[in-house]
Amino acid sequence: MDANGRRTRNLTVSALAGWFAAACAAGVMGSINEPTRPPLVLLAFVAVPIVGFALAYLASRSFRAFADGLSLTLLVGSHLWRFVGLGFVIAWLMGSLPAGFGIPEGFGDIIAAAGALVLLPALRRGTASRGWLLAWNTWGFIDLLSAITMGVLYSNGPLGLLSAGTVTTRLMVTFPVSLIPTFFVPLFLLLHALTFRKIATPTPCLPPVRQTSS
C-alpha cells in the first residue's frame, strides 16, 4: 500500500471511530429515544454515513480503490456478528421486544449469520457460487432494511403505528443496544452494497463470470 492508500485507510478508520463515538454519545445521552417526535436523530445516523460514503466513493479515486480492495471473505465474514439476532428472539420471549420485531428480525439476522458461516469456506477456496452469494447478500440487505422499518413502526414515537397494545422497540434505542441501529445496521448496509459490486465484477474469491455466446 502506497502513502496515498495508507492516508485513505487512516482517514476511513478515523471517520468510523468518530461515527462510533457519536453513536455512543447519543445513546448515553438518550438522544436516540424520541417518544414525542419522529426519530430524526436515528434517521440521521442511518442516512448521513450512507450518503457520505456514496459521495466519497464517487468523488475520491483513492477511497474507491480502498473500498473495492476489501476482500470478499472479509465482507462476508464480518456478518457473523449478526448471530446477535438470537438476543432479539430472547428479548421477545422475555417480553422486552414485540413479536413483530423480535421474531422476523431476530431470525433474519441468525439466517444471515449462518449463511455467512456456510459461504466462508467456499470463498476461501475461490469456489463460491455467485448465485448463492447473491441470494445471501440480498437476504441480508433486505433484512437490515426491514429492521429499520419495523423498529420505527413498533417504536414509542409518533411513527409507531404498530405499537398500540404491545411492547415497543424502546430497547433498541437504549444504550448500548442503540449502537445496533445507529452504527452497525448502516455500516453493514454499506458492506452489503460493496458485496453486490464484488459479485458483479471479477474477484479471486469467485469463479469467473460465464460469458454467454450470441
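Linking ILVMFWY residues whenever their side-chain heavy atoms come closer than 4.5 Å, directly or via other members, leaves Ile180 and Val167 in distinct clusters. If you chain together hydrophobic residues whose side chains sit under 4.5 Å apart, Leu40 and Leu159 never meet in one group. Leu16 and Tyr57 fall within the same hydrophobic cluster, defined by Ile, Leu, Val, Met, Phe, Trp and Tyr side-chain heavy atoms under 4.5 Å apart, directly or through other members. Tracing side-chain contacts under 4.5 Å through hydrophobic residues (I, L, V, M, F, W, Y), one reaches Leu145 starting from Trp81; they form part of the same cluster. The cluster map of Ile, Leu, Val, Met, Phe, Trp and Tyr, joined by side-chain heavy atoms under 4.5 Å apart, puts Ile111 and Val76 in different clusters.
Looking at Glu105, its side chain never comes within 3.5 Å of a backbone N or O of Met150 through a donor-acceptor pair. In this structure a side-chain-to-backbone donor-acceptor pair under 3.5 Å is present from Ser129 to Trp132. With hydrogens and angles ignored, the 3.5 Å screen pairs no side-chain donor or acceptor of Ser163 with any backbone N or O of Asn156. Here the side chain of Arg130 pairs a donor or acceptor atom with the backbone of Ile199 at under 3.5 angstrom.
Of all the heavy atoms in Ala91 and Leu171, the pair that sits closest is CB-CD2, 4.1 Å. Pairing each heavy atom of Lys198 with each of Asp68, the nearest pair is NZ-O, 2.6 Å. Contact detail for Tyr154 and Leu162: the closest heavy-atom pair is CE2-O, 3.3 Å. Scanning all heavy atoms of the two residues, the minimum distance from Pro104 to Ala99 falls at CD-O, 3.3 Å. Scanning all heavy atoms of the two residues, the minimum distance from Ala116 to His79 falls at CB-CB, 4.2 Å. Between Trp92 and Gly102, the shortest heavy-atom distance links the atoms CB-CA, 4.2 Å.
The shortest distance between side-chain heavy atoms of Leu119 and Leu133 falls below 4.5 Å. In this structure the side chain of Asp143 reaches within 4.5 angstrom of the side chain of Arg82, judged on heavy atoms. At a threshold of 4.5 Å between non-hydrogen side-chain atoms, the residues Leu144 and Ile148 do not count as touching. Taking 4.5 Å as the limit, some side-chain heavy atom of Thr169 sits within range of a side-chain heavy atom of Pro98.
If you take CD1 on Ile103 and CG on Leu93, they are separated by 8.0 Å, rounding to the nearest 0.5 Å. Leu11 contributes atom CG, which lies 11.0 Å from atom CZ of Arg9 (distance to the nearest 0.5 angstrom).
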Discussion item. Go through it in stages, so that I can follow the logic: the residues are Phe45 and Trp19, the test is side-chain contact (heavy atoms from CB on, under 4.5 Å), and I'd like the CA-CA distance, side-chain angles, deciding distance and then a yes or no.
Written reply: CA-CA 8 Å; Phe45 270 103; Trp19 177 13; 4.0 Å; yes
Discussion item. For Phe53 and Leu194: C-alpha separation, side-chain torsions, deciding distance, then whether side-chain contact (heavy atoms from CB on, under 4.5 Å) applies.
Written reply: CA-CA 11 Å; Phe53 174 91; Leu194 288 176; 3.9 Å; yes
Worksheet item: Does the side-chain contact (heavy atoms from CB on, under 4.5 Å) test come out yes or no for His192 and Trp136, once each step is laid out?
Response: CA-CA 10 Å; His192 273 302; Trp136 168 82; 4.1 Å; yes
Worksheet item: Passes side-chain contact (heavy atoms from CB on, under 4.5 Å), Ser155 versus Val173? Steps please.
Response: CA-CA 9 Å; Ser155 70; Val173 291; over 6 Å; no
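No more than 12 heavy atoms of other residues, nucleotides or ligands lie within 6.0 Å of CZ in Phe107, so this atom counts as exposed by the packing criterion. For Trp139, the CH2 atom sits in a loose shell: 12 or fewer heavy atoms of surrounding residues, nucleotides or ligands are nearer than 6.0 Å.
For residues 171-188, no residue pair satisfies the side chain to side chain donor-acceptor pair (under 3.5 Å) rule, not counting sequence neighbours. Counting only residues at least two apart or in different chains, side chain to side chain donor-acceptor pair (under 3.5 Å) contacts with residues 42-54 are absent. Every pair tested for side chain to side chain donor-acceptor pair (under 3.5 Å) that includes a residue from residues 93-102 fails, sequence neighbours excluded, so the list is empty.
Relative ring orientation between Phe196 and Phe141 is described as perpendicular, the plane-to-plane angle rising above 60° on a 0-90° scale split at 30° and 60°.
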